[in-house]
Amino acid sequence: QFQMIRHEDLRLEESLGRGSFTRIFKGSKTDIREGERQNTDVLLKVLDGSYKNCWESFFEAASLMSQISHKHLLLVYGISVHRSENIMVQEFVKYGALDLFLRKKQGSVPVSWKLDVAKQLACVLNFLEEKKIVHGNISAKNLLLAREGDSSIGTSPFIKLSDPGISVAVTGRDVALDRIPWVAPEVLEAPETWGMECDKWSFGTTLWEIFNGGKAPLQGLDPQQKLMFYENHEQLPSPKWTELADLIGRCMEYDPALRPSSRGIIRQLNSLITSDYELLDPGLSAHA
Ligand SMILES: Nc1cnc(-c2cc(N)nc3[nH]ccc23)cn1
């Protein structure tokens, strides 16, 4: 399971905004290590709306993340329950969510940087697939940047996949509709039947975000229009780079059985990485 953390060992610092069911704070937790006090920067997710099945799913997400460990998986220290507040205590990842970072960097991120991040996500997807664990909420918003990476000094980015949060199986249809086009179509129809392939679909959507400056796909469509996007088996606008468009399209196959395995995704990413995308279209790889 996971560690129960005493409320008095936590300190809430500044508010960092909201998730769909949570308020988010930067904070610190105090441990006693070899008899001395040690403070660790943490991110605190305070669950509001304490109806039961919500916090059960919240706990499930936390315990999922603390049962497995991988360098690209966010570290969840544990849960703290205090009066009616359920708080998930997780490692503080310095540069925050990838979608906001990409929007801030507006197109000045080199293609090699984007491919490196995509490869890291594919590796953690492969790890989860081998453990037969479905994450269920892959998106650029749930990718946290631990290292920015700066090609001028030869450092590369480092991402951590965040906790899946409250599963669409318990949130109800309106939240599920809002997660179009990240949530796989089959999950919308029958949430309890979803399997590994749903993470492949979301990987495709996340790849689209990474190569579209962190812009949210289908932004501005209302839930009904988003539903029609799936009813009509529509696809997101293809990027210019056809091999990338092929990979996104294969991940976002409406038939789950036609989606690639995570090894297939890694293979196809490797061929993108070795392909001469500078020759292909000099404008493609933004100046470093
Ligand atoms: N596990 C996590 C999750 N989010 C952060 C984070 C970092 C940052 N620089 N700004 C933020 N603004 C909102 C969240 C956040 C950190 N660690």
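The first residue in the sequence is number 1, and the count goes up from there. Ligands are counted one by one from 1 in listed order, and the atoms in each one are counted from 1 as well.
Follow the hydrophobic side-chain contacts under 4.5 Å out from Phe158 and you never reach Leu125; the two are in separate clusters. Transitive grouping of hydrophobic side chains (ILVMFWY, heavy atoms separated by less than 4.5 Å) brings Ile273 and Val124 into a common cluster.
In this structure, Asp222 contributes its side chain and Gln224 its backbone to a donor-acceptor pair below 3.5 Å. No donor-acceptor distance shorter than 3.5 angstrom exists from the side chain of Ser57 to the backbone of Cys54, with no hydrogens or angles considered.
Between Gln90 and ligand 1, at least one pair of N/O atoms sits closer than 3.5 Å. Below 3.5 Å of separation, one finds an N or O of Val93 facing an N or O of ligand 1.
Between Lys29 and Asp41, none of the side-chain N atoms (NZ, or NE/NH1/NH2) sits under 4.0 Å from a carboxylate O, so this pair counts as no salt bridge.
Residue Glu91 touches ligand 1 through its backbone alone, judged by heavy-atom distances below 4.0 Å.
Among pairs with a residue in residues 246-262, those fulfilling salt bridge (Lys or Arg N to Asp or Glu O under 4.0 Å) read Glu186-Arg259, at least two apart in sequence or across chains.
Counting only heavy atoms of the protein, atom 5 (C) of ligand 1 lies nearest to Leu43 CD1, 3.6 Å. The protein heavy atom nearest to atom 11 (C) of ligand 1 is Leu16 CD1, 3.9 Å.
Nearest-residue assignment for atom 9 (N) of ligand 1 (options Lys94, Arg18, Glu14; heavy-atom criterion): Lys94.
Near Gly96, the atoms of ligand 1 lying under 4.0 angstrom from a non-hydrogen atom of the residue are 6 (C), 7 (C), 8 (C), 9 (N). Those atoms of ligand 1 with a heavy atom of Leu74 less than 4.0 angstrom away are 1 (N). For ligand 1 and Leu144, the ligand atoms under 4.0 Å from any heavy atom of the residue are 1 (N), 2 (C), 3 (C), 4 (N).
The salt bridge (Lys or Arg N to Asp or Glu O under 4.0 Å) test applied to Arg23 returns Glu85, not counting sequence neighbours.
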